Protein chains: 2
Amino acid sequence: MKTTRNTTAKTTILEIIKNSEVALSHTEIQALSQNVCDRVTIYRVLDRLVAEDVIHKTVNLDGTIKYASCHHLHDDVIHTHNHIHFSCEKCHLVTCLENVEPTFKLPPNYSVREVNFTLSGLCPNCL
Amino acid sequence: MKTTRNTTAKTTILEIIKNSEVALSHTEIQALSQNVCDRVTIYRVLDRLVAEDVIHKTVNLDGTIKYASCHHLHDDVIHTHNHIHFSCEKCHLVTCLENVEPTFKLPPNYSVREVNFTLSGLCPNCL
DNA sequence: ATTTATAACGCAACAATGTTGCGTTTAATT
DNA sequence: AATTAAACGCAACATTGTTGCGTTATAAAT
C-alpha cells in the first residue's frame with residue numbers, strides 16, 4: 001500500500017507556503033527554500049501536497065502556476081477551491097480572496113470538477 | 001508613427017482561430033498552420049492580434065495559454081472578456097461560454113483590469 | 001536498537017515552451 | 001518605381017517542466 005512520508009524538503013516547502021500571504025510559484029518557492037533540495041524535488045513535493053489536498057494550485061493570467069495553502073474552514077466536509085485569486089500587475093503578488101465566491105449559471109450538460117478564477121489589476125497596496 | 005500590416009502569416013493565423021469552435025494554443029495553431037511561417041512568427045502574430053483586440057487570451061488550468069477570437073457583440077463600446085471558459089478534461093477542448101457572465105463582489109480598493117474564469121470538467125460531448 | 005522495504009531523493013539528460021538579436025524580406029505609402 | 005520600417009526567418013538562448021535510475025533515508029517491523 002502507498003504511504004506518504006514526512007521529509008525535510010516537504011516540511012520546509014509547506015512552511016514556506018503556509019507562511020506566505022500570497023500564492024507562490026515553483027520558482028519563487030525555490031528562491032525561498034535556499035537549496036534545501038533539488039529543483040526536481042520541489043516539483044514532486046508540490047504535486048504530493050496538492051494530491052494530499054494540503055495546498056492548492058492556481059493559474060496566473062500569464063500561465064504561471066502558483067500554490068497556496070488550503071484554509072479548511074470549520075468542519076466543511078466538502079472542501080472546494082472555488083474562490084477568486086487576485087493577481088496584482090504591479091507587485092505581481094497573487095492573493096487568495098477566500099471569501100469571494102463567484103456565482104454563475106452554466107448551460108446544461110456541463111460537469112464541473114475544478115475551477116480557476118483569476119482577476120488581475122491593482123491590489124489595495126499598489127492602487 | 002507605428003502602423004500595422006497585413007501579412008499572410010497574420011491572416012492565415014487569424015482565419016485558423018476564427019474558424020475554430022474552441023480556443024487554441026500556440027502549439028495547436030502551429031500544427032494547423034502547416035508551416036505558413038516560423039514558430040517565432042506565430043508568437044509575434046498572436047501578441048499583435050491580442051494587442052489589436054481581435055483575439056483574446058485565456059489560461060487553462062494546466063497553465064497552457066489558449067487564444068480565441070473576440071465576438072464583439074452589437075455596438076458595445078466597452079468590450080470585455082469576462083466570460084467563462086470551459087476546459088474539458090477528456091477531449092481537452094477549451095470553449096468560450098460567451099453568455100455566461102459570473103457575478104461576484106470584491107473587497108474595497110481592488111482595481112480589476114483583466115479577468116480569467118476557467119472551469120474544467122466534462123463538456124456535453126464527453127459527458 | 002537493528003533490520004527492512006520502499007517512498008523520496010539527487011543528478012543528469014531531455015523535452016517543451018517562450019524570448020531575443022540581427023540581418024533580410026515585404027507590405028504599404030510616397 | 002523608390003522608400004521606409006513593420007514583419008519575417010534563423011539561430012541561439014532562457015526558462016520551465018519531465019523522466020530514468022541509482023542512492024538515501026523514513027517509518028514500520030523485528
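Just so it is clear, the model here is predicted, and its values are computed rather than measured. So you know, we letter chains A, B, ... as the sequences are listed, proteins then strands, and number each from 1.
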inquiry  = Tell me which one of B/Glu28, B/His56, B/His85 satisfies side chain to side chain contact (heavy atoms under 4.5 Å, CB included) with B/Lys66.
reply    = B/Glu28
key: d(CG, A/Asp38; P, D/dT23) in whole Å   = 17 Å
ask   = When you measure from the side chain of B/Asp62 to the backbone N and O of B/Thr64, does any donor-acceptor pair fall under 3.5 Å?
value = yes
Show which side-chain atoms of residues 117-127 of chain A pair as donor or acceptor with protein atoms under 3.5 Å away, not counting sequence neighbours.
unit_1	atom_1	unit_2	atom_2	d
A/Thr118	OG1	A/Val59	O	3.0
A/Thr118	OG1	A/Asn116	ND2	3.2
A/Ser120	OG	A/Glu89	OE2	3.1

Atom pairs under 3.5 Å, N or O on each side, protein against nucleotides 13-15 of chain C: can you list them with distances?
none

query = With sequence neighbours left out, what residues match A/Gln30 under side-chain hydrogen bond (donor to acceptor under 3.5 Å, both in side chains)?
reply = none
note = With sequence neighbours left out, the residues meeting side-chain hydrogen bond (donor to acceptor under 3.5 Å, both in side chains) with A/Ser69 are none
ask   = For B/Asn109, which residues count as a side-chain hydrogen bond (donor to acceptor under 3.5 Å, both in side chains) partner, sequence neighbours excluded?
value = none
Axis-to-axis angle between the two ends of the helix from C/dA1-D/dT30 to C/dT30-D/dA1 (five base pairs per end, rounded to 10 degrees) = 30°
ask   = Nearest-Å distance, CG (A/Leu46) to P (C/dA8)?
value = 14 Å
Spacing of A/Ile65 atom CD1 relative to D/dT15 atom P, expressed in whole Å = 18 Å
Strand-adjacent residues in residues 9-19 of chain A, judged by heavy atoms under 4.0 Å from DNA chain D = none
query = With a 4.5 Å limit on heavy-atom distance, are the side chains of A/Lys10 and A/Leu49 in contact?
reply = yes
task = For each nucleotide in nucleotides 22-30 of chain C, reading 5' to 3', give B when a protein heavy atom comes within less than 4.0 Å of its base, S when such contact involves only the sugar-phosphate, and - otherwise.
result = ----BBS--
key: Gap between atoms OH and P, on A/Tyr43 and C/dA16 respectively (whole Å)   = 15 Å
Heavy-atom side-chain contact between A/Ser33 and A/Ile16 under 4.5 Å = yes
message = Among residues at least two apart in sequence or on other chains, which ones pass salt bridge (Lys or Arg N to Asp or Glu O under 4.0 Å) with A/Glu15?
response = none
query = Which residue pairs pass the salt bridge (charged side-chain N to carboxylate O under 4.0 Å, His left out) test when at least one of the two sits in residues 31-46 of chain A, sequence neighbours left out?
reply = none
Along DNA chain C (nearest heavy atom to each residue), the more 5'-positioned of A/Val45 and B/Thr27 = A/Val45
inquiry  = Counting only heavy atoms not in A/Asn19 (residues, nucleotides, ligands), do more than 12 fall under 6.0 Å from its CG?
reply    = yes
query = Roughly, in whole Å, what's the span from CD1 in A/Ile29 to P in D/dG17?
reply = 11 Å
ask   = What is the distance, rounded to the nearest whole Å, between atom CD of B/Glu28 and atom P of C/dT17?
value = 10 Å
inquiry  = Nearest whole Å is fine: how far is D/dA7 P from B/Asp47 CG?
reply    = 12 Å
request  = Could you list all the ring pair (Phe, Tyr, Trp, His ring centres under 6.0 Å) pairs where at least one residue sits in residues 26-47 of chain B, not counting sequence neighbours?
outcome  = B/His26-B/Tyr43
task = Specify the separation, in whole Å, of atom CG of A/Asp62 and atom C1' of D/dT15.
result = 13 Å
key: With sequence neighbours excluded, residues passing ring pair (Phe, Tyr, Trp, His ring centres under 6.0 Å) with A/Tyr67   = none
ask   = Between A/Lys57 and A/Glu114, is the closest basic N to carboxylate O distance under 4.0 Å?
value = no
